[in-house]
Visitor: 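I am attaching a structure below and will ask some questions about it afterwards.
Lettering follows sequence order; numbering is per chain, from 1.
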There are 2 protein chains.
Amino acid sequence: MRLEAFVRASRNAGIKLTHQRLEIFREIAASSEHPDVDTVFRKVRGRIPTLALDTVYRTFAVLEREKVLARVSLFSDKARFDPNTEPHHHFVCTKCGLVRDFYSGQTEDFRIPESVKSWGAVDAVYIELRGICRACGGNL
Amino acid sequence: MRLEAFVRASRNAGIKLTHQRLEIFREIAASSEHPDVDTVFRKVRGRIPTLALDTVYRTFAVLEREKVLARVSLFSDKARFDPNTEPHHHFVCTKCGLVRDFYSGQTEDFRIPESVKSWGAVDAVYIELRGICRACGGNL
DNA sequence: ATAGCAGATAAGAATTATTCTTGACTGGGA
DNA sequence: TCCCAGTCAAGAATAATTCTTATCTGCTAT
């Protein structure tokens, strides 16, 4: 169960296990929909009426640093656009945010899992290779 | 050449081909680094000093709608977090934004292109299946 | 070539998401 | 129980994005 991992990670990292953090974690762990910060805030506030939105942000930041959870999508803050309209993929440096295009014929071979097929129709297979670019110390 | 596609698409869509739009498109088409809106704004402003930031946003919105370019990363505006720390992938509905997790053993088989290897070290293969969920009309 | 107009633009205000500041508070070790 | 580093709430501050309004301009029909 995820709650245990959370408790364990908190102790390891020397992070205080507060009521707020517990409820925030409970909320996001209970959902399979990756709710945004504000949604979590409103839900948890039902249980802790004095909760501040900033506490939700800070809690997520801490849990992300401790790898208890991960941010969905690396490119978060600023909008970026891609003039390349052919189907292609990206290599992304998780350190500096560098993005480079690459192509692969292998997407044809990808077998869509049955579970996914039952959720809807798949139009595109997008692959993101995440790593560290040379400038940041990858492949030295 | 991309500029032609842009000019063609503009005419097709009945969009006016203004000086500003041309320069904004030139700027992003010239770069392979998917610069953010503000970077494009500053560069183009060197050539058109009266350019407004909002024009860059509007131009990208129009070009995105006309499919002349695409937004890098679907989840743009709000931060979302994922309590699932095992390696996994996502099915994303491009209409309503629904996100569901799925697993696949096939990432092991993915051959990293040589070009990518030369850019840096790859740590993870993330796959995003994009389509339309049932609720939005997929798989009817 | 020119007029007229639908659509585009600049400028700055407004909105929305996120982070910072400050002073009060608390979990948990000594 | 005391202590204090770390945490919290509240609201201000920042940053990204969008909206409003008045002015202007590309383009089609003339």
Visitor: Nearest 0.5 Å, what's the CG-OG distance between A:L63 and A:S10?
Guide: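 OG of A:S10 is found 6.5 Å from CG of A:L63.
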Visitor: Any chance the rings of A:F102 and A:F91 have centres within less than 6.0 Å?
Guide: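 No - the distance between ring centres of A:F102 and A:F91 does not fall below the 6.0 Å cut-off.
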Visitor: Rounded to the Å, how far apart are A:L17 CG and C:dG27 P?
Guide: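 It works out to 11 Å between those atoms.
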Visitor: Enumerate the residues from residues 44-51 of chain B whose closest heavy atom to DNA chain C is under 4.0 Å, giving them by residue number; use none for an empty result.
Guide: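 Residues of residues 44-51 of chain B under 4.0 Å from DNA chain C: B:T50, B:L51.
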Visitor: For A:R130 and A:E128, what are the C-alpha separation, side-chain angles and deciding distance, and is it a salt bridge (Lys or Arg N to Asp or Glu O under 4.0 Å)?
Guide: CA-CA 6 Å; A:R130 296 171 175 176; A:E128 201 170 276; 2.8 Å; yes
Visitor: Out of A:L53, A:T59, A:I24, A:I28, which residue meets the side-chain contact (heavy atoms from CB on, under 4.5 Å) rule with A:V37?
Guide: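 Among the candidates, only A:L53 passes.
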Visitor: Would you tabulate the pairs of protein nitrogen or oxygen atoms and nucleotide nitrogen or oxygen atoms of nucleotides 15-19 of chain C closer than 3.5 angstrom?
Guide:
unit_1 : atom_1 : unit_2 : atom_2 : d
C:dA17 : OP1    : B:K78  : NZ     : 3.3
C:dT18 : OP1    : B:A79  : N      : 2.8
C:dT18 : OP2    : A:Y57  : OH     : 2.2
C:dT18 : O5'    : A:Y57  : OH     : 3.0

Visitor: Quick one: does B:R21's side chain get under 4.5 Å of B:F6's, heavy atoms only?
Guide: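 SC-SC contact between B:R21 and B:F6 confirmed.
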Visitor: Quick one: are B:F81 and A:V72 in side-chain contact, heavy atoms under 4.5 Å?
Guide: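 Heavy-atom side-chain distance check fails, nothing below 4.5 Å.
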Visitor: Taking only heavy atoms on the protein side, list every residue of residues 18-32 of chain A lying under 4.0 Å from any atom of DNA chain D, sorted numerically.
Guide: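 DNA chain D contact set from residues 18-32 of chain A: A:T18, A:Q20, A:R21.
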Visitor: Might you point out which heavy atoms bring B:I127 and B:H89 nearest each other, and give the distance in Å?
Guide: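 Smallest interatomic distance, heavy atoms only, reads N-ND1, 2.9 Å.
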Visitor: Are B:T55 and C:dA10 close enough that a side-chain N or O sits under 4.0 Å from OP1 or OP2?
Guide: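 B:T55 to C:dA10 OP1/OP2: side-chain N or O found under 4.0 Å.
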Visitor: Please name all residues satisfying side chain to side chain contact (heavy atoms under 4.5 Å, CB included) with A:D101, sequence neighbours left out, ordered by chain then number.
Guide: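 By the side chain to side chain contact (heavy atoms under 4.5 Å, CB included) rule, A:D101 matches A:D82, A:N84, A:H88, A:H90, B:H34.
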Visitor: At what distance, to the nearest 0.5 angstrom, does CZ of B:R71 lie from CZ of A:R80?
Guide: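 Those atoms lie 12.5 Å apart.
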Visitor: Evaluate the side-chain proximity of B:I132 to A:D123: yes if any heavy-atom separation is below 4.5 Å, no if none is.
Guide: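 Yes - at least one pair of side-chain heavy atoms lies under 4.5 Å apart.
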Visitor: Using the heavy-atom set of chain A and a strict 4.0 Å cut-off, write down the first and last nucleotide of DNA chain D that makes it in, 5' to 3'.
Guide: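 Under 4.0 Å from chain A, the extent on DNA chain D is D:dA5 to D:dT17.
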Visitor: Not counting sequence neighbours, which residues clear salt bridge (charged side-chain N to carboxylate O under 4.0 Å, His left out) with B:E27? List them please.
Guide: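 Once residues adjacent in sequence are excluded, the partners of B:E27 under the salt bridge (charged side-chain N to carboxylate O under 4.0 Å, His left out) criterion are B:K43, B:R47.
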Visitor: Using only atom types and a distance under 3.5 Å, with no angle test, would you say the side chain of A:R100 pairs donor to acceptor with the backbone of B:E33?
Guide: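 Here the side-chain-to-backbone pair does not exist.
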Visitor: Write down the distance between CZ (B:F60) and P (C:dA8), rounded to a whole number of angstrom.
Guide: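 Taking CZ of B:F60 and P of C:dA8, I get 16 Å after rounding.
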Visitor: What integer distance in Å separates A:R58:CZ from C:dC20:P?
Guide: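 In whole Å, C:dC20 P and A:R58 CZ are 11 Å from each other.
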Visitor: With a 4.5 Å cut-off on side-chain heavy atoms, are A:L129 and B:F110 touching?
Guide: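 Contact flag for B:F110/A:L129 side chains = yes.
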